[in-house]
Structure formats: structure tokens, C-alpha cells
Novice: 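Right, I'll just put the structure down here and ask away after.
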Amino acid sequence: MFREFRASVADALEDALATLDLPVDDLGIERPPEDVPAVVASSVAYRLAEAAGAPPPKIAADIAAAIDPAEYAHLGSVETQGPYVNFLPEETYFEKTLEAAQDDEYGHLPATGDSVVVEHTSANPTGPVHVGRARNPIVGDSLARVLEYAGNDVEVHYYVNDAGRQLALFTWAYETFSEDDLPEPERDSLEYEMVRYYRKGNSYLEDADAADSEAAEAEIQAILQGLENGDEDTYERVSEVVDTVLGGMRDTLQRLPAAFDQFIKETRFMRDGSTDALVDRLQALDAAVYEADAWQLDLPDFEKNLVFLRSDGTSLYTTRDLAHHEWKFEHYDRAVTVLGEDHKLQADQLSATLDLLDHDTDCLDQVFYSWVNLPEGGMSTREGTGIDLDDLLDEAIDRAREEVEDRLDDRLRDDDLTEDDLDRIAHQVGIGAVRFDIVAKQPTKGITFEWDRALDFEAQSAPYVQYVHARCCGILDEASEAGHAVPDSIDAGLLSAPEERDLLREIARFPAVIEQAADELRPHVVATYTRAFAEAFNAFYRECPVLTADEERREARLALVAASRTTIANALDALGVAAPDSM
RNA sequence: GGGCGCGUAGCUCAGUGGACAGAGUACUUGGUUCCGGACCAAGAGGUCAGGGGUUCAAAUCCCUUCGCGCCCGCCA
């Protein structure tokens, strides 16, 4: 309802300004501070002071007087407070909010008709997913969910770098070294077993003498050339390594949960000829230069040229990624990519080149996040330094289970949790806490990983919000057992306590929060919202007993609890955090 | 050296032109005959990194200095 109300206010303001013969520019619509009862406000009077030759409070009063609330949907009254024009809704605003929010689909916006491809993670398939990368799947998966809530037709892709030197080296190492020479895998899972070959290959190359090193390099080069020439046998050999490792990584990512609709291999764009065709078109560009035996683009605004064809005639990662993006443009209306900040330059050059190729790069968005580091430095799959995501999630679940068990005796609610419940709650809370902690922060801010901080279940974390959902479920269960049905519609006048009004206002905002998160590609605004929502719900819970209230009030409050439950359930769903029925 | 990002309470973070800058945590204090205490209430805590500018209005925009991170490869 908030979005509809805001639109009404915009209409009313525009009409009023036209009536008063004032210029319509920025309407200055904003959300007022907490202690102001209005749902939205406008500071437009400030901006008009000069044009109107009057002080802002006078203009605000004129605007308020020029608006007849009855003419606009949901608008109850218009008030001024100094220079601000405040807009208050009529009762139907709250009644419609309550009705809309009881729908299981609450928060989903009308279909945009756009197909959007969200590419995220896309880590080289060289070994276990570590925490340094964990921000990518969490931000990416949440972003995909938010875009879907916002009415888009979303597809999630993992772009597999299977054509680079690292995978050629990995394939060589896998075929060269014997398992007898390798340490025990750190975990009984394919990618942990496989990464041992990769690490062995890297350390061998570091220590090998010139002759051995040269021989190994020749084999690695042969694999790279085979891929470039479209040699089927080479492709199969590399694929075996890539698919095996990727399968293990996929299982780990699934735990977050982060799922993918498609894994797009970069060799695909070599094998189907699109990279070669692209190279031809790049060579024909005015910006193309042939220097030092290599084809490059002299991009304006960039210091360094972008090499797109090596002197040996092979393509580079960015060349293939260009072909990949042209493919995306062909099949989707919009493309969003979640990338580490270390890829910023490459991504900017990619965009600039797509521009030169006459693509509309407005439909390409890149979301950057900064790396997660350990107090002692970075994490590396090759060197085997860092915390594996599997270990972090296991530890989170273990600690969550301890919490649940510690609290069992203190529970007021008498609902006998089973062993399965404990297991479920430990998973929901443990993984939810890790995920929420990461998605709630702006991705551009740096994070240093510390166990105790990542696994802090205190307030403002996932469990705090999840608890609100469990509480709602608890109340609704009790009501149902006592035979109290949740009414479809109620008289909003029955919900007149300030805590009830605040909660209704928060519920009404949810679709607008989804809209903002999708527009700005910032899922963390949803996390911020869930905390504000939880606070409003807890205040309501404290002041307004539901089941023990008289019948009319009980019904109204039950409807409010039901609406709260779907709102918080869907907000958590948009973040990819589980909403426990009990905890 | 150049480019990009970040700097807000002791700590972790919201807030990116508009109403006195907000939460959590830590610290002090209080709350369960009553629907779930993983909760709530009160207190204290700020040169919004420093300086300059634009504006009726700046944590927010511009310039500059400092600190931290990332990038500047015929790697990905």
C-alpha cells in the first residue's frame, strides 16, 4: 500500500503546485522521522521559497490548503509542521495493508516483463569454496531473489572459467601425479580430493629445475592449444577435472543455499565459433591496433590497451567474456554480474568494449564486493590458506545447536521439541546467522573474518529476526488450537494503539523496500528492513496481548499477526534466510 | 606514481541533500502470577577521518590532505 499511497501523494503535490502556479521539479517526497505520525512528507516548500517569494512555512501551508484529500486514493489528511507538508493516510490504507499482507505472495511486485540473468560466484573450479569468496554467492543469490520479488523473470548463471591456464595446469597435474604422493583430503568430498592435485602441481612447478619445468609447461601449453583449436579429446580431459570439482563446489554452495539454473562454460564460446567471429569484429573497430604482434583495443578513458588476441593467435579471458556477454544480450533483457572488486578494471573495459560494439550497456549492471580477509591476510585455494565455507557452516550449525540446547530449560513455551526439531533449528539458525551477517552489510565495505563475530547470534542478527517469525507462528498455532479463526478483513479502527499503527506502517512498506533493493541492486536494504520490522513487532507484542484480548480486538490482532508473519517470512525469503516455525 | 572503493559511538554497522545523526554490542540499572525472555525498558557514550567550498539546508555533493583495501599482466 505504501507505494500506492506515495503515488497518490505525488499526484496531489503536482496538482497543488500547478494550482498555485509553482514550478514542478523535485517533489521532495521523503519518509519523515519516527516521531512524526505522517507516512510520507515533502520538503518541497524549501525549494520553492525563492520562486514564490515567500518563506517555506507559508508555502507549505498554501500547498496543504490546495489539496483536497478526498480526491486522492488512501489520502486521509494533509498537515504542515513548519516547512514540511505531512501526509496521513485514511483508515482504508491500514485495512487494505492488512488484507494484502495476508496473501502468501505479499511483497511480490507486478511482473516487469523483463528477463534478467544474474551471474554470480563464477569462481575458478580449482577447489573448495573458501570464506574469502563467500560474499559472492550470498550477495548474488539474495540479489536474484530480490529481483524475482520485484517482478522479473530471473535466471541465475555460474560462468565457468574452464579455458584458462589454471585449469590446463590442473588437468596436467591430475594426469601426472599419483594419489600416493598426496596428503589425505581435508574432507570426504570430491573437490577436497581434487584440489590436492592442483596444489601439488603448483608446488612442483615452483620447485622444479629448469628442464622439468619446461617439460611440464609444454604439456600445459598443449592443453591450452588443444582447447583453442577445438580439439575434442582435450576438451574431454579438461572437462573431467572441471565437472568433478564443480560438482563438489555446487554442493557446498547449495548449503547457503545458492542454486544455479545454468553453468555456462567459457569453452562454449570458443567451440561455437563466436569468439573467433567476435575477434573479427573487434579487429575492424577504429580503436583496434596491432602492436607488438598482438591485437589490442586503444580504449578511451583507459590508460592501458586491452589485448584481445595474443601474439600466438589465442584468445584471452576478456575476449571470451565479451562473446559471453553478447550471448547474454541476445537472450536476456538485462544482465547483472556480481564481481569481486579486483575485477573492477576488467569489468569496466568489458563495458567500454561492448559500447564500441554498439551494444546498449545500460542493460548491464555490475555489483562489486570487497574480499573477505583473515586477520593475517588473504585466502588462496592454490596455497591452501583460508577457511573453507563448509567448515564455517559446520561450526555455525554446531554453535547454534549448543544455543538451542542451552535454552531448552528456559523456554516458556511448552511444545516439546523433538530431536528433528533441534536439527532443523540448528541448521536454520546457524546458516541463517552466517548468511544474514554478510548480506546485511554493504558489499563494498571490507570485512575481516573473525569466528566469534561471524557466529554472533546476539540481537541484530538473523536469530533476532527469525525469532519474530517463530513468535508469530506460535501465536497463530495457539489461536488455531483454541478455535479462533483469522478474519479476512477487519476494521482498522480496532488497531489504534501506537504500536499497532507502527507495525501496520512497517508492513505496508515491504513492497517498497523490495522495489528499492531491486532498483539499487542492494539486497542489504531488505536486511535493514527486517530489523526495523522485528523491532516494531516486538513493541506490539509487548503492549498488545492477542489471545487474551476481548473478541473484537483478538480478531483484529490475529489478522495483524498473520500479516506480520507473511511479511517477515517473505522478507527473509528474499534474503535467502530460513524462517523457522519454532526455535 | 595513476585509477577505483572505504573511513559515522570503544567495537560491528544503518543512514548518501532536508525535521534534534540511529541501531546493536560492551558498560550501568530495571522488567516473567500475563500469547515464546534468542525479548523489552532506562542511562551513559559522536570534531560523521582532517581542512576548504557549493547550498536556504551537507555524514550525504565538489576540491584537497591523511589512513586502509583493491587494481594498473599477451593471468583469470
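Below, chain A is the first sequence line, B the second, and so on; all start at residue 1.
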Novice: Which whole-number value in Å describes the distance from A:Glu34 CD to B:C20 P?
Specialist: 15 Å
Novice: Take A:Arg199 and A:Thr381, measure what side chain to side chain donor-acceptor pair (under 3.5 Å) needs, and give me the verdict at the end.
Specialist: CA-CA 8 Å; A:Arg199 288 177 184 152; A:Thr381 302; 5.7 Å; no
Novice: Can you tell me the pairing partner of B:G43 across any strand shown, Watson-Crick or G-U wobble, with both distances under 3.5 angstrom?
Specialist: B:C27
Novice: Sugar-phosphate means primed atoms, P, OP1 and OP2; the rest is base. With that split, encode nucleotides 9-18 of chain B 5' to 3' as B, S or - using protein heavy atoms under 4.0 Å.
Specialist: --SSSSS--B
Novice: Would you give the length of the straight line joining atom CZ of A:Arg557 to atom CZ of A:Phe540, rounded to the nearest 0.5 angstrom?
Specialist: 6.0 Å
Novice: Scan every strand shown for a Watson-Crick or G-U wobble partner of B:C35, both distances under 3.5 Å, and answer none if you come up empty.
Specialist: none
Novice: Using a heavy-atom cut-off of under 4.0 Å over every strand shown, decide if A:Phe308 touches base, sugar-phosphate, or nothing.
Specialist: nothing
Novice: Using side-chain contact (heavy atoms from CB on, under 4.5 Å), reason through A:Val160 and A:Glu266 one step at a time and then give a plain yes or no.
Specialist: CA-CA 6 Å; A:Val160 185; A:Glu266 65 172 331; over 6 Å; no
Novice: In the structure shown, which nucleotide is the Watson-Crick or G-U wobble counterpart of B:G22, with both distances under 3.5 Å?
Specialist: B:C13
Novice: Assess whether side-chain contact (heavy atoms from CB on, under 4.5 Å) is satisfied between A:His524 and A:Lys441, documenting all intermediate values.
Specialist: CA-CA 6 Å; A:His524 86 273; A:Lys441 287 170 187 156; over 6 Å; no
Novice: Could you check whether A:Tyr84 and A:Tyr46 have their ring centres less than 6.0 Å apart?
Specialist: yes
Novice: Which letters describe nucleotides 68-76 of chain B, given B = protein heavy atom under 4.0 Å from base, S = only from sugar-phosphate, - = neither?
Specialist: -BSSSSBSB
Novice: Measure distances between side-chain N and O atoms of A:Asp406 and base N and O atoms of B:A38, and say whether any donor-acceptor pair falls under 3.5 Å.
Specialist: no
Novice: Please list each protein N or O that sits under 3.5 Å from an N or O in nucleotides 42-45 of chain B, with the distance.
Specialist:
none

Novice: What's the CG-C1' distance between A:Asp301 and B:C4, to the nearest Å?
Specialist: 14 Å
Novice: Who does B:U54 pair with, Watson-Crick or G-U, both distances under 3.5 Å?
Specialist: none
Novice: Quick check with a 6.0 Å cut-off and a 45 degree axis cone: is A:Arg509 positioned over the face of A:Tyr529's six-membered ring?
Specialist: no
Novice: If you assign A:Thr444 and A:Val404 each to the RNA chain B nucleotide with the nearest heavy atom, which residue ends up on the more 5' nucleotide?
Specialist: A:Thr444
Novice: Taking CG from A:Asp35 and P from B:G22, how many angstroms apart are they, rounded to a whole number?
Specialist: 9 Å
Novice: Atom CG of A:Asn538 to atom P of B:A23: distance rounded to whole Å?
Specialist: 15 Å
Novice: What is the distance, rounded to the nearest whole Å, between atom CD1 of A:Ile29 and atom C1' of B:A19?
Specialist: 17 Å
Novice: Can you tell me how far P of B:C35 sits from CG of A:Leu560, to the nearest Å?
Specialist: 19 Å
Novice: Please name the nucleotide paired to B:U60 by Watson-Crick or G-U wobble geometry with both distances under 3.5 Å, or report none.
Specialist: none
Novice: Step through the shown structure and confirm whether more than 12 heavy atoms of other residues, nucleotides or ligands are within 6.0 Å of CZ on A:Arg424.
Specialist: yes
Novice: Should A:Gln442 and A:Tyr369 be marked as a side-chain contact (heavy atoms from CB on, under 4.5 Å) after you check the CA-CA gap, both sets of side-chain angles, and the distance that decides it?
Specialist: CA-CA 8 Å; A:Gln442 300 205 42; A:Tyr369 66 94; over 6 Å; no
Novice: Which nucleotide, B:A19, B:A23, B:G36, lies nearest any side-chain atom of A:Val36?
Specialist: B:A19
Novice: Please tell me which of A:Pro545 and A:Ile425 maps to the more 5' nucleotide of RNA chain B, matching each residue to the nucleotide holding its nearest heavy atom.
Specialist: A:Pro545
Novice: Considering Watson-Crick and G-U wobble pairs with both distances under 3.5 Å, what does B:C75 pair with?
Specialist: none
Novice: Side chain of A:Arg542, heavy atoms from C-beta onward: which of B:A19, B:C40, B:A38 has the nearest atom to it?
Specialist: B:C40
Novice: Mind checking who B:C6 pairs with, Watson-Crick or G-U wobble, both distances under 3.5 Å?
Specialist: B:G67
Novice: Partners of A:Glu217 by salt bridge (Lys or Arg N to Asp or Glu O under 4.0 Å), sequence neighbours excluded?
Specialist: A:Arg165
Novice: Check salt bridge (Lys or Arg N to Asp or Glu O under 4.0 Å) between A:Glu395 and all other residues, then give those that pass, not counting sequence neighbours.
Specialist: A:Arg399
Novice: Could you tell me which residues satisfy salt bridge (Lys or Arg N to Asp or Glu O under 4.0 Å) with A:Asp365, sequence neighbours excluded, listed by chain and number?
Specialist: A:Arg334
Novice: Angle between ring planes, A:His324 versus A:Phe269, binned at 30° and 60°: parallel, tilted or perpendicular?
Specialist: tilted
Novice: Quick check: are there more than 12 heavy atoms from other residues, nucleotides or ligands sitting under 6.0 Å from CG of A:Asp25?
Specialist: no
Novice: Figure out the CZ/P separation between A:Arg471 and B:A38, and round it to whole Å.
Specialist: 8 Å
Novice: Nearest-Å distance, CD (A:Glu481) to C1' (B:G36)?
Specialist: 14 Å
